[in-house]
Amino acid sequence: MDRKRAVAPAGYSRWLIPPAALAVHLSIGQVYATSVYKNSLVAHFGTGQTAIGVIFSIAIVMLGLSAAVGGTWVERNGPRRAMLVSAVCWCTGFLVAALGIAAGQLWLVYLGYGVIGGIGLGIGYISPVSTLIKWFPDRPGLATGLAIMGFGGGALVASPVSNQLMALYDPGYDPAAAGSVASGGALVGLFVTLAAGYALLMSIGVLLVRVPPEGWRPAGFDPARQRSAPLVTTASVSARNAVRTPQFWLLWVVLFCNVTAGIGILEQASPMIQDFFRGGDGAAVTAVAAGGFVGLLSLFNMAGRFVWSATSDAVGRKPIYLLYLGAGAVLYTLLATAGGASPWLFVPLACVILSFYGGGFATIPAYLRDLFGTFQVGAIHGRLLTAWSAAGIAGPLIVNAFLDARGEPGTLTQTAYQAPLFTMVGLLVVGFLANLCVRPVAERFHEPAPAAGTGSAAAPAPEPAASGPGAERTAPPRPRVRLLASWAVVGVLLCYGVFRVVLTATQLFAG
């Protein structure tokens, strides 16, 4: 686990790093699938929705806090140790939560999944970021988009798998039947099985990940091109100095506004589409079809993380955020005013909005790299993720406060959503203006020249022979097998999730 032993050997392919990151992010992305067993937990503990919903809230808050506090530790110790710590915390969280379910102690679920698992979430989320950026200085948006796409895709895999496992452990549970809940024993079996599965999957990431040798850069990469690009620096800024810059806080506002608006739809997705198309005789969209809508949103959330982030490599980070926030404000306005006309209008509007939400998460590490360099970009990213924690609280509070004032769940219509949606429009405009104000970081915040070269993938150092044009072609056969096998594992998981979503989503338009 020593950082020095994690340096890539000669002939190591940088394309092994994205599947290593995906293995971790597909695992911790399960946090978006907690609603699958939420009703079963409510029935098992005999409590309310709010008490069970706190589990998710604790996990997201701990994600932001652990990423902020542990970011510098991750940079100092390297991705292998960080991924191992993430795997231990994440899987231990499931086991402690399983103990809490078996013993009927909800506080143990809070401690296990919420606190311990939440720490694993935060460390695992940021652990591959700076490594990917150092391996892909020529395409940082594509690289971080590939990895963070896994976090959005984690729920696509975890949701159907969780339903199948609960049905396996409890034959009386029918995931297709409204009101059906799994037994406590099935929940214990689910959590223990997920712990074992994620331990195996995350171990793949730990074993694969490597850091590039000092001074390495990809064949054909010219750092001089970066010097001429707007907002892209070849200097370095420490995490301590970064939080003293206006650029950091402008991006904090940008991320907060983008995430708050996205969560506003994501958290309320299923009842929202039913309420938008509620007539005098009830909702025109069934609960099953609404589940298909939620799956589509997850799919676009995942796809947006890759597509928009990769696009930012060509158009720039600042312009792509102008798209997320500016076009997002327009789409929210259309959703509030005309979205109820037809599901054929409502669904595409919501899906594009969620693609912007996902794209914002995936593009922010590359934006930070452009402004602050690669020196401690993982630690800076961790501190910025406190905006996610704040948005995770603010978004649901804003939407639910407006809806509670308009009536009881199950009786609301499109008009009840206009006030919260227009509030989101205002937030996106604030984020749009904050993004317009982003300028290059002042030189007084830069690290001295010797420190700036430390670990920088763009440093003007000679390229080692192993990273030349023929390096990957001359690699021995076993690394080729490892490359194919690692991509096959994460590829099969992602394809499975997409396939299940498409099957469910067909019911949305089939009536």
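All values below were derived from every heavy atom in this structure, side-chain atoms included, with hydrogens, water molecules and symmetry-related copies excluded.
For Ala196, there are no side chain to side chain contact (heavy atoms under 4.5 Å, CB included) partners, not counting sequence neighbours.
Ring pair Phe94/Trp90: centre-to-centre distance below 6.0 Å.
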For residues 150-158, which side-chain donor-acceptor pairs fall under 3.5 Å, sequence neighbours excluded?
none

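Side chains of Val24 and Val209 form no contact here, defined as non-hydrogen atoms less than 4.5 Å apart. Between Val490 and Ile204, every side-chain heavy-atom pair lies at or beyond the 4.5 Å cut-off. Looking at heavy atoms from C-beta onward, Pro140 lies out of side-chain contact with Pro365 at the 4.5 angstrom threshold.
For residues 113-126, the set of pairs meeting the side-chain hydrogen bond (donor to acceptor under 3.5 Å, both in side chains) definition, not counting sequence neighbours, comprises Gln30-Tyr113. Pairs of residues two or more places apart, or lying in two chains, that qualify as side-chain hydrogen bond (donor to acceptor under 3.5 Å, both in side chains) and include a residue from residues 302-311 are Asn301-Arg305, Trp308-Ser355. Evaluation of the side-chain hydrogen bond (donor to acceptor under 3.5 Å, both in side chains) test over residues 193-210, restricted to residues two or more places apart or in two chains, returns Tyr169-Thr193. Residues in residues 146-168 take part in these side-chain hydrogen bond (donor to acceptor under 3.5 Å, both in side chains) pairs, two or more places apart or across chains: Asn163-Tyr173, Gln164-Tyr496.
With Val253 as the fixed residue, the side-chain contact (heavy atoms from CB on, under 4.5 Å) test singles out one of Leu427, Leu433, Val430: Val430.
Side chains of Arg244 and Ser238: a donor-acceptor N/O pair is absent below 3.5 angstrom, by distance only.
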